[in-house]
2 protein chains.
Amino acid sequence: MTKRKFTKANVDDTVELVYNYITEYIKTNGFSPTVRDLCKGTGIRSTSTIHAHLKRLRDSGRIDMEAGKRRALTIAAFEQQKVDHIPLVGRVAAGVPILAEENIDSYLPVPAAFYTEPEHMFALEITGDSMIGAGILNGDYVFVKKQAGADYGDIVVALIDDEATVKTLAREQGRTVLKPENPSYKTIPFDQEGCLILGVVRGVWRAHV
Amino acid sequence: MTKRKFTKANVDDTVELVYNYITEYIKTNGFSPTVRDLCKGTGIRSTSTIHAHLKRLRDSGRIDMEAGKRRALTIAAFEQQKVDHIPLVGRVAAGVPILAEENIDSYLPVPAAFYTEPEHMFALEITGDSMIGAGILNGDYVFVKKQAGADYGDIVVALIDDEATVKTLAREQGRTVLKPENPSYKTIPFDQEGCLILGVVRGVWRAHV
DNA sequence: AGGAAAAACGAACTATTGTTTGACGAACAA
DNA sequence: TTGTTCGTCAAACAATAGTTCGTTTTTCCT
């Protein structure tokens with residue numbers, strides 16, 4: 001009687017097993033598993049077998065690993081799905097830079113792929129329904145790129161007499177105005193005195209309860 | 001002449017230096033730095049000094065570390081800002097489970113704090129303007145919790161004759177209907193034949209170009 | 001000035017962990 | 001059946017990296 005010492009499963013399946021355990025491990029622990037962790041996690045008994053599978057995963061571009069480095073496996077796909085944390089601005093204090101520490105309530109994670117310069121972004125919670133026509137509702141979060149100028153048609157965050165407001169920047173009858181997207185609100189003349197553009201809306205997030 | 005071999009800076013400042021380098025390193029590399037990496041990064045020459053600072057950071061609850069484990073530092077604050085990646089469903093193939101592999105285009109990162117069960121979520125890109133009244137525009141992404149039932153008033157993703165659509169579930173004149181939030185679209189009767197609720201919209205994301 | 005405490009240093013120690021090697025078993029084709 | 005290939009295994013090797021220890025330097029207090 002020959003004793004069955006191991007089973008030789010389909011390689012692709014085993015590689016998948018290893019890959020899944022890596023992602024799972026990183027997700028729960030926050031750092032990469034070791035070769036021996038993968039042994040325990042997958043039931044594979046030899047470190048060299050894991051090693052071979054890791055090479056396959058690296059060669060197919062699914063993971064990144066540096067030779068010799070411990071716990072240095074990273075999921076290649078995460079690169080595209082990188083996340084930045086941008087500040088959520090609660091109140092806009094008068095005379096204080098928008099991103100000053102006292103303004104920042106917390107940080108929200110945002111897909112980095114959506115923006116080229118996430119370090120210049122901030123988020124703002126919408127109060128009121130003046131922008132309903134643009135699909136921006138009360139309670140929504142807008143993600144704003146900080147910049148002093150904007151184009152006509154852009155939805156901007158502006159400071160008017162020490163109050164922050166979100167409106168569409170437009171040109172009407174020869175004047176630059178801040179236009180609400182709701183007929184029951186009045187268009188605000190944008191005269192340079194006391195008016196300041198803080199940034200341009202680049203994204204909207206709404207959570208349904 | 002006494003040779004100045006090292007300067008003894010304020011401990012808090014040095015701890016901060018170490019902490020910042022850890023976050024920076026993890027952000028760029030995807031895995032934790034080693035004690036010796038931190039030496040190079042901070043200019044501190046002794047591994048034991050770094051070790052002492054790491055203990056301080058752990059004791060003050062700012063980082064997590066397990067004794068003996070290599071490259072296993074994690075930033076404690078990241079815990080609260082955890083991100084889940086939920087599948088972006090491109091097409092909805094007839095007769096195939098919504099989360100089947102062939103439906104999934106890619107994955108989007110979403111703040112885990114927003115949902116209790118991110119593993120049951122999927123995302124869908126909106127085509128058309130039938131939900132303008134609810135602030136859901138063409139090109140928006142909706143984040144959907146997968147469930148077979150829903151309440152009246154919920155915005156649902158439903159399958160009607162093998163086509164996925166996003167509408168408000170409502171009751172009108174004694175019948176259950178799928179109601180568009182746009183007067184130029186017709187209300188769709190929700191008869192059980194060929195009609196299926198795939199999930200309920202929990203979030204909306206819009207990126208302004 | 002003298003001494004204690006705190007912080008940094010350098011070197012040695014330890015062990016976790018990546019890597020290599022050679023052998024064995026299973027699957028498959030000739 | 002027989003040989004080849006490939007996946008797995010066990011064990012040993014090598015080295016990266018966590019930890020400890022005793023000393024030196026700086027700061028601060030008396």
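Lettering follows sequence order; numbering is per chain, from 1. Any value given below was found using the heavy atoms of this structure, including those in side chains, with hydrogens, waters and symmetry copies removed.
Closest heavy-atom contact between B:L73 and B:M65: CD2-CB, 3.6 Å. A pairwise comparison of heavy atoms in A:A150 and A:V156 identifies CB-CG1, 3.6 Å as the closest pair. Nearest approach of A:G61 to A:A76, heavy atoms of both residues: O-CB, 3.3 Å.
Look at CG on A:L38: it is 17 Å from P on C:dT16, rounded to the nearest Å. Put simply, CD1 on B:I50 is 12 Å from P on C:dG10, counting in whole angstrom units. Residue A:K40 contributes atom NZ, which lies 12 Å from atom C1' of C:dT17 at whole-angstrom precision. To the nearest angstrom, P of C:dA7 lies 15 Å from CG of B:L17. In this structure, B:F31 atom CZ and C:dT17 atom C1' are separated by 15 Å, rounded to whole Å. Going from atom CZ of B:R71 over to atom P of C:dG18 covers 10 Å, rounded to whole Å. Look at CG on B:L73: it is 12 Å from P on D:dA17, rounded to the nearest Å. Between the CG atom of B:L54 and the P atom of D:dA17 there is a distance of 14 Å, given to the nearest Å.
For B:R56, taking side-chain heavy atoms from C-beta onward, the closest of the listed nucleotides C:dG10, C:dG18, C:dA8 is C:dA8. The A:K69 side chain lies nearest to D:dA17 when the options are C:dC9, C:dT19, D:dA17. Among the nucleotides C:dT19, D:dT19, C:dG10, the one closest to any side-chain atom of B:V35 is D:dT19. Proximity note for B:T34 (side chain, C-beta onward) versus D:dC9, D:dT8, D:dG18: the nearest is D:dG18.
At the phosphate of D:dC9, OP1 or OP2 sits under 4.0 Å from a side-chain N or O atom of A:R45. A close approach under 4.0 Å does not occur between any side-chain nitrogen or oxygen of B:H53 and OP1 or OP2 of C:dA7. The phosphate of C:dT19 (OP1 or OP2) has a side-chain N or O of A:H51 nearer than 4.0 angstrom.
Not less than 6.0 angstrom separates the ring centroid of B:W205 from the ring centroid of A:Y141.
Under the side chain to side chain contact (heavy atoms under 4.5 Å, CB included) test applied with B:Y25, the options B:I22, B:N29, B:T23 reduce to a single match, B:N29.
Between A:E16 and A:R62, at least one side-chain nitrogen of the basic residue sits less than 4.0 Å from a carboxylate oxygen of the acidic one, meeting the salt-bridge criterion.
Nearer the 5' end of DNA chain D, as judged by each residue's closest nucleotide, is the contact made by A:S46, out of A:S46 and B:K55.
With a 4.5 Å cut-off on side-chain heavy atoms, B:T187 and B:P180 count as touching.
With hydrogens and angles ignored, a donor-acceptor pair under 3.5 angstrom links the side chain of B:S48 to the base of C:dC9.
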At a cut-off of 3.5 Å, list every protein nitrogen or oxygen paired with a nitrogen or oxygen from nucleotides 12-15 of chain D, distance to 0.1 Å.
{"from": "D:dA15", "atom 1": "N3", "to": "A:R70", "atom 2": "NH2", "distance (Å)": "3.4"}

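In this structure, A:A52 reaches neither bases nor backbone, as no heavy-atom distance under 4.0 Å exists between it and the strands shown.
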After noting the C-alpha distance and the side-chain angles of B:Y185 and B:D129, does the key distance pass the side chain to side chain donor-acceptor pair (under 3.5 Å) rule? CA-CA 9 Å; B:Y185 284 79; B:D129 55 359; 2.5 Å; yes
